[in-house]
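Okay, so here's the structure we're looking at.
We use all heavy atoms of the structure for the numbers below, so side chains are in, but hydrogens, waters and symmetry mates are not. Labels below follow one simple rule: chain letters A, B, ... track the order of the sequence lines, proteins then strands, and each chain is numbered from 1.
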There are 2 protein chains.
Amino acid sequence: MPDVKHFDPDAVLEQVEQLFWQRGTASTGVSEVVAVTGLSRSSLYATFGGKRELYVKALRRYVEQRSRPVFDRLAADDRGLPAIVDFFDRLIQARCTGEHARWGCMVSNAHAGSESGDPEVRRVLDLHQERLLTAMHAALSKARLRPGLDLDATADLLTLLAYGVNLRSRAGADPSHLRAAVAAALDPLRP
Amino acid sequence: MPDVKHFDPDAVLEQVEQLFWQRGTASTGVSEVVAVTGLSRSSLYATFGGKRELYVKALRRYVEQRSRPVFDRLAADDRGLPAIVDFFDRLIQARCTGEHARWGCMVSNAHAGSESGDPEVRRVLDLHQERLLTAMHAALSKARLRPGLDLDATADLLTLLAYGVNLRSRAGADPSHLRAAVAAALDPLRP
DNA sequence: CCTATCTTAGAATAATCGTTCCAAGATGGA
DNA sequence: TCCATCTTGGAACGATTATTCTAAGATAGG
């Protein structure tokens with residue numbers, strides 16, 4: 001039997017994900033990927049393909065490993081509006097402090113870059129959007145809300161708000177302002 | 001007296017602005033700038049400096065020539081909520097149809113890219129944000145609103161919503177969904 | 001221990017990057 | 001018309017880009 005890989009592909013993919021997340025794909029060279037991962041170019045290309053495929057795989061990993069658990073928690077939370085408040089609190093916390101502060105959201109970043117022209121990337125963006133929308137809708141449907149409220153439109157609104165938070169947090173937005181804006185969106189929903 | 005320029009610098013800057021707006025700075029080469037403008041590299045560098053300064057100048061032009069008039073109109077509109085409805089209608093129209101459809105907003109795009117790390121770029125982003133916030137606040141302050149509403153927080157919310165619209169429009173978001181989301185944000189403001 | 005088969009390190013590739021340079025061309029006051 | 005002074009076209013620059021290739025190293029069944 002032949003030789004086996006001398007590294008864990010998913011651990012490497014996580015490093016690559018963080019690199020592309022923080023700095024984008026267009027302004028990150030393969031040399032930097034090599035430097036960060038410690039892999040040789042041969043191993044990199046043999047395992048993941050070219051730079052484009054590497055980026056798509058890293059983006060997919062972000063959606064599955066980072067976004068998915070958060071969306072699932074939101075969808076499964078039965079508390080109603082507090083579930084949504086919690087979602088935004090955690091979002092703002094993650095975007096403004098800690099390890100990934102001021103990195104924004106990798107998917108939101110992909111929207112604005114030239115990578116969004118790639119059909120394969122676009123499909124990942126749409127998947128992300130649809131999942132967030134669905135989770136938000138589920139959480140909303142379990143809340144006691146002001147009568148006559150349009151659930152679909154409100155879910156759309158809160159989803160767009162999340163994208164706005166992601167974007168502005170990258171430019172150093174004040175977390176307390178972000179929290180106040182979220183409160184302004186959620187307060188009028190109450191009966 | 002020496003020779004004079006054989007071109008109109010602002011007309012060229014507009015072409016460059018559109019190039020960077022649509023494709024971003026990291027994935028647009030100086031060769032493409034040369035190709036689109038018809039200028040020689042000498043003239044380009046003598047007039048605008050290097051690529052970075054060219055991008056910043058193009059971004060500044062966007063903020064002054066594209067955003068500013070729209071924000072001014074919003075701030076000067078005395079109709080109250082209809083002024084804000086109008087702002088978002090025009091925004092969604094511009095982002096989803098016509099000449100610049102699916103380009104997003106150059107400033108929003110800059111948020112997500114690596115260019116947002118540049119302090120000079122950051123200052124332009126902050127200026128844009130502050131102007132939009134101020135205009136939104138002015139328009140809100142002239143509206144008949146539900147009592148007890150937090151004007152500052154609501155202005156923050158609507159500003160973030162605009163960024164969300166900008167982002168999602170680039171990925172082909174359905175304009176009618178965007179309009180419904182905006183309506184969901186504005187409806188509960190009414191008394 | 002041998003060897004078929006894979007992985008690895010790193011040199012080499014051609015293309016493109018942003019920038020500079022120089023000679024030729026254009027300008028308008030003297 | 002002459003000329004000092006700027007602009008212009010385009011070649012040239014070294015650095016960096018993504019990708020490929022080759023030779024050496026590692027592996028595990030026979």
Side-chain angles (χ1 to χ4, degrees), chain A residues 1-60 110 113-121, chain B residues 1-60 110 113-121:
Chain A
M1 190 187 278
D3 196 357
V4 297
K5 283 196 199 310
H6 300 179
F7 61 94
D8 174 12
D10 186 68
V12 166
L13 198 58
E14 182 177 354
Q15 295 180 292
V16 176
E17 169 200 329
Q18 304 222 12
L19 199 56
F20 283 141
W21 178 6
Q22 189 182 11
R23 325 230 279 89
T25 179
S27 54
T28 304
V30 174
S31 317
E32 305 181 59
V33 175
V34 167
V36 164
T37 60
L39 258 64
S40 71
R41 292 173 140 79
S42 329
S43 310
L44 202 63
Y45 278 83
T47 309
F48 302 105
K51 188 190 177 184
R52 199 195 72 95
E53 300 163 34
L54 181 59
Y55 173 76
V56 173
K57 286 188 167 92
L59 185 64
R60 285 220 184 88
S114 58
E115 51 268 37
S116 68
D118 186 323
E120 214 164 347
V121 171
Chain B
M1 189 186 276
D3 196 358
V4 297
K5 283 197 199 309
H6 300 180
F7 61 94
D8 174 12
D10 186 69
V12 166
L13 198 58
E14 182 178 353
Q15 296 181 293
V16 176
E17 169 200 329
Q18 304 222 14
L19 199 55
F20 283 141
W21 179 6
Q22 190 182 11
R23 326 233 275 88
T25 180
S27 55
T28 304
V30 175
S31 318
E32 304 180 60
V33 175
V34 167
V36 164
T37 61
L39 258 62
S40 70
R41 293 173 136 79
S42 327
S43 310
L44 202 64
Y45 277 83
T47 310
F48 302 106
K51 188 191 178 185
R52 199 196 72 96
E53 300 163 36
L54 181 59
Y55 172 77
V56 173
K57 286 188 167 94
L59 185 64
R60 284 218 185 89
S114 57
E115 52 267 37
S116 69
D118 186 323
E120 213 164 348
V121 170

Taking N or O atoms only and anything under 3.5 Å, show me the protein contacts with nucleotides 6-8 of chain C, one pair per line.
unit_1, atom_1, unit_2, atom_2, d
C:dT7, OP1, A:K5, NZ, 3.4
C:dT8, OP1, A:H6, N, 2.7
C:dT8, OP2, A:S43, OG, 2.8
C:dT8, O5', A:S43, OG, 3.1

Residue set satisfying side-chain hydrogen bond (donor to acceptor under 3.5 Å, both in side chains) with B:Q22, at least two apart, ordered chain then number -> none
Nucleotide by nucleotide, nucleotides 13-18 of chain C touches protein heavy atoms under 4.0 Å in the pattern (B base, S sugar-phosphate only, - none) ----SS
The salt bridge (charged side-chain N to carboxylate O under 4.0 Å, His left out) partners of A:E53 (sequence neighbours excluded) come to none
Stems in DNA chain D, runs of 3 or more consecutive Watson-Crick or G-U wobble pairs with both distances under 3.5 Å, sorted by first number, are C:1-17 with D:14-30, C:19-30 with D:1-12
So CG of B:L54 and CG of B:L13: to nearest 0.5 Å the spacing works out to 6.5 Å
Hits for side-chain contact (heavy atoms from CB on, under 4.5 Å) against B:T25, two or more places apart or cross-chain, chain-then-number order -> B:F20, B:K51, B:Y55, B:E115
For B:S114, the side-chain hydrogen bond (donor to acceptor under 3.5 Å, both in side chains) test, sequence neighbours excluded, returns A:S27
Taken in chain and number order and not counting sequence neighbours, the residues that satisfy side-chain contact (heavy atoms from CB on, under 4.5 Å) with B:Q15 are B:V12, B:V36, B:T37
Sorted by chain and residue number, the salt bridge (charged side-chain N to carboxylate O under 4.0 Å, His left out) partners of B:R41 (sequence neighbours excluded) come out as none
Numerically ordered, the residues 11-21 of chain A set in heavy-atom contact under 4.0 Å with DNA chain C is none
Heavy atoms of A:V121 and A:L59 approach each other most closely as CG1-CD2, 3.9 Å
Determine all donor-acceptor pairs shorter than 3.5 Å in which one atom belongs to a side chain in residues 43-50 of chain A; sequence neighbours excluded.
unit_1, atom_1, unit_2, atom_2, d
A:S43, OG, A:S40, OG, 3.1
A:T47, OG1, A:K5, NZ, 3.4
A:T47, OG1, A:S43, O, 2.6

